[in-house]
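Sequence lines set the chain letters: A, B, ... in the order given, protein chains first and strands last, and positions in each chain run from 1. Heavy atoms only: backbone and side chains are in, while hydrogens, waters and symmetry mates are out.
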Number of protein chains: 2
Amino acid sequence: MGGLLDNKVQAQSLVDVVAERIEAAIISGQLEPGSRLSEQALATSLGVSRGPLREAIRRLEGRKLLERTPNIGVRVAALSLRDLNEILQVREALEGMACGLAALNMSDAEIAELRRLLDNHEKQRSVQENKGYYQESKDFDFHFRIVAGSGNERLARMLTGDLYYLLRVYRYKSSTKPGRAMEALQEHRDIAAALERRDPQAAEQAMREHLRHARRYVEEQIAAETTNGHPPATPRKGRVGRLD
Amino acid sequence: MGGLLDNKVQAQSLVDVVAERIEAAIISGQLEPGSRLSEQALATSLGVSRGPLREAIRRLEGRKLLERTPNIGVRVAALSLRDLNEILQVREALEGMACGLAALNMSDAEIAELRRLLDNHEKQRSVQENKGYYQESKDFDFHFRIVAGSGNERLARMLTGDLYYLLRVYRYKSSTKPGRAMEALQEHRDIAAALERRDPQAAEQAMREHLRHARRYVEEQIAAETTNGHPPATPRKGRVGRLD
DNA sequence: AACTTCGGTATTGCAGGTAAATTATTGCAA
DNA sequence: TTGCAATAATTTACCTGCAATACCGAAGTT
């Protein structure tokens with residue numbers, strides 16, 4: 001394994017490239033949620049004709065990252081706080097199950113690796129002590145490994161391929177809250193401990209609790225919004241997203 | 001509610017129509033899993049050019065109902081027994097949660113309606129007693145209402161819009177098993193009872209158990225397949241699906 | 001006889017162009 | 001000045017045509 005010739009390369013059509021590019025732009029924030037995209041502008045900006053671009057858009061449409069209104073146009077899917085809450089609820093159920101399965105299916109080596117990952121995080125955290133925030137990619141890495149370790153490939157794809165993306169768009173870090181980073185790290189440790197004990201029920205519970213904290217944060221925002229008569233998060237409709 | 005003017009009609013592009021048509025063809029079995037579809041043939045058969053057809057295909061691709069291999073072609077997604085099992089596992093978690101939420105969020109009227117539905121099923125079942133099988137659409141209706149009653153729209157769409165479709169393709173009726181129909185009806189009653197009691201935990205448990213039975217059926221098949229040295233379910237590759 | 005190579009045929013991938021719909025703008029009237 | 005109407009401009013929707021790639025069968029080689 002590891003040889004350069006072992007990986008089977010797949011021909012990539014323009015559509016694939018364009019779709020990936022747009023997806024990346026959405027996640028990176030280059031294309032803001034709710035912003036409209038002009039076919040002509042995007043096509044010339046990417047150097048392709050409108051055919052493949054439209055096909056790429058259709059695919060992302062199927063994945064609910066883009067929304068098209070016939071004869072009007074395409075916009076980046078915008079999630080309301082309510083949507084966000086719903087998605088987090090789904091995530092809780094799915095990733096809870098994944099974690100329970102991981103307790104049964106992950107290899108000892110994988111779990112050990114997970115533990116090392118956390119020690120690593122701890123160090124990095126102590127460096128920027130007061131920054132008090134858990135770097136996004138680290139958090140993602142931890143969750144990713146567990147989900148992959150569940151042994152249920154479809155479940156893993158649903159989480160890492162679909163739900164995570166939607167959440168990332170919102171760079172929704174409840175971890176920006178003051179003491180949250182330390183808490184999160186501790187919760188990660190609890191999860192790892194349950195995995196080491198090979199206790200699926202405890203693992204599921206630990207993961208669910210961890211995720212519930214994140215969700216509570218959103219629920220607080222919802223509550224605040226509805227009481228304050230806050231403007232219901234108007235997604236900027238005017239802006240047209242480019243990729244330059 | 002229910003007025004003819006309440007439904008907001010959306011302009012439907014050719015792509016929408018074509019996509020729906022293909023989806024229907026897949027579900028109805030007109031297009032078998034694993035079968036290849038020729039763009040030219042489908043296009044002429046549907047009376048559209050290849051452009052919109054390709055876009056429709058791309059969308060279904062995003063929804064994992066179709067799979068495209070670059071420069072080769074498109075085929076209807078084929079699920080192995082292992083895939084099926086994975087999906088059923090996901091369904092268990094998701095629909096379990098949905099049922100728990102439904103116990104909190106469904107209106108009394110909706111629950112009462114559910115009960116009437118079951119009485120109706122019972123009658124119909126007793127008519128074709130020995131046929132011993134729960135008509136597919138009835139079963140779907142029951143589950144559909146509960147899922148919709150969860151109050152979590154995204155969850156409902158994931159289940160009814162995505163997972164159910166994948167499962168329907170396989171018309172995988174564990175209900176064809178001899179005594180299964182009666183059992184299933186009884187389980188439905190248990191679920192309804194938990195909802196009436198407004199007991200979310202019991203509701204979730206009842207639903208999970210109901211679904212676990214279906215899954216066990218698949219697991220048995222997997223076991224049988226691997227021991228018998230059965231050919232691993234070769235999806236017919238040769239056939240080209242038409243819509244005529 | 002089996003395997004490889006080579007050419008023809010069919011299918012997919014991509015680009016541009018025309019028609020239809022929506023949005024923006026301008027002019028007119030109240 | 002405001003509201004409406006007609007028109008112009010922009011954008012999407014769809015179709016056709018051409019290029020690139022893969023598939024299939026025949027001929028040739030080992």
Side-chain angles (χ1 to χ4, degrees), chain A residues 8-22 31-32 34-62 65-77 234-244, chain B residues 8-22 31-32 34-62 65-77 234-244:
Chain A
K8 58 184 70 172
V9 289
Q10 264 269 53
Q12 263 204 143
S13 66
L14 263 191
V15 176
D16 294 319
V17 177
V18 169
E20 279 177 23
R21 187 82 184 274
I22 295 176
L31 288 174
E32 295 178 53
S35 67
R36 217 180 127 210
L37 16 135
S38 151
E39 289 183 6
Q40 190 60 62
L42 253 186
T44 53
S45 147
L46 290 169
V48 300
S49 84
R50 284 185 5 251
L53 171 62
R54 281 176 64 91
E55 291 183 24
I57 289 173
R58 292 296 189 183
R59 183 144 82 196
L60 296 176
E61 217 180 291
L65 267 102
L66 296 179
E67 289 168 353
R68 165 167 245 132
T69 315
N71 293 319
I72 299 210
V74 181
R75 56 182 59 246
V76 180
T234 163
R236 355 82 207 100
K237 288 207 168 189
R239 287 190 42 97
V240 172
R242 309 246 169 166
L243 287 181
D244 23 36
Chain B
K8 58 183 69 170
V9 288
Q10 268 270 58
Q12 265 204 145
S13 66
L14 261 191
V15 177
D16 295 320
V17 178
V18 169
E20 281 176 22
R21 186 79 185 275
I22 295 177
L31 288 175
E32 295 178 52
S35 67
R36 210 177 136 215
L37 15 141
S38 152
E39 291 184 4
Q40 191 58 62
L42 252 187
T44 53
S45 147
L46 290 169
V48 300
S49 85
R50 279 176 48 222
L53 170 62
R54 280 176 65 94
E55 291 183 25
I57 289 174
R58 292 294 189 184
R59 189 193 287 168
L60 297 176
E61 218 180 293
L65 269 110
L66 296 180
E67 289 169 354
R68 166 168 243 131
T69 314
N71 292 318
I72 299 208
V74 182
R75 55 182 58 245
V76 180
T234 166
R236 354 86 199 101
K237 288 206 166 190
R239 286 190 43 97
V240 172
R242 311 246 168 164
L243 287 180
D244 24 33

task: Compare side-chain N and O positions of A:Arg36 against OP1 and OP2 of D:dT11 and report whether any pair is under 4.0 Å apart.
output: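 False: A:Arg36 side-chain N/O out of range (4.0 Å or more) of D:dT11 OP1/OP2.
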message: With a 4.0 Å cutoff (strictly under), does any side-chain N or O of A:Arg68 reach OP1 or OP2 of D:dA13?
response: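 Looking at the OP1 and OP2 atoms of D:dA13, one of them is under 4.0 Å from a side-chain N or O of A:Arg68.
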Measure [atom1]/[X] against [atom2]/[N] and give the value in whole Å, please.
X	N	atom1	atom2	answer
B:Gln12	D:dC14	CD	P	11 Å
A:Glu61	D:dT12	CD	P	13 Å
B:Gln40	D:dT21	CD	P	20 Å
B:Leu53	D:dC14	CG	P	12 Å
A:Ile57	D:dC14	CD1	C1'	15 Å

query: In Å and rounded to the nearest 0.5 Å, what is the CD to CG distance from B:Glu20 to B:Leu60?
result: 10.0 Å
Inter-residue atom distance A:Leu14.CG - A:Leu46.CG, 0.5 Å rounding: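 One gets 9.5 Å once the value is rounded to the nearest 0.5 Å.
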field: Heavy-atom closest contact (A:Ala19 atom, A:Ala56 atom, distance)
entry: N-CB, 3.8 Å
query: Does the pair A:Arg75/A:Glu32 count as a salt bridge with the N-to-O cut at 4.0 Å?
result: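 No, no charged N to carboxylate O under 4.0 Å.
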- request: Using a strict 4.0 Å threshold on nitrogen-to-oxygen distance, state whether A:Arg58 and A:Glu55 make a salt bridge.
  value: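 Judged by the 4.0 Å cut-off on N to carboxylate O distance, A:Arg58 and A:Glu55 do not form a salt bridge.
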query: Looking at the side chain of A:Asn71, which of C:dT12, D:dA13, C:dC14 is the nearest nucleotide?
result: D:dA13
- prompt: Looking at C:dT12, D:dT11, D:dA22, which one has an atom nearest to any side-chain atom of B:Glu39?
  reply: C:dT12
Single hit among A:Leu31, A:Val76, A:Val17 for side chain to side chain contact (heavy atoms under 4.5 Å, CB included) with A:Ile22: A:Leu31
Which pairs, protein N/O on one side and nucleotides 15-19 of chain C N/O on the other, fall under 3.5 Å?
unit_1	atom_1	unit_2	atom_2	d
C:dA15	OP2	A:Ser49	N	2.9
C:dA15	OP2	A:Ser49	OG	3.1
C:dG17	O6	A:Arg50	NH2	3.4

task: Taking A:Thr69 for its side chain and A:Ile72 for its backbone only, find out whether a donor-acceptor pair lies under 3.5 Å.
output: no
- prompt: More 5' along DNA chain C: A:Glu55 or A:Ile72, using each one's nearest nucleotide?
  reply: A:Glu55
- prompt: With sugar-phosphate meaning primed atoms plus P, OP1 and OP2, does B:Val74 contact a base, only sugar-phosphate, or nothing at under 4.0 Å between heavy atoms?
  reply: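 The residue B:Val74 makes no contact with any strand.
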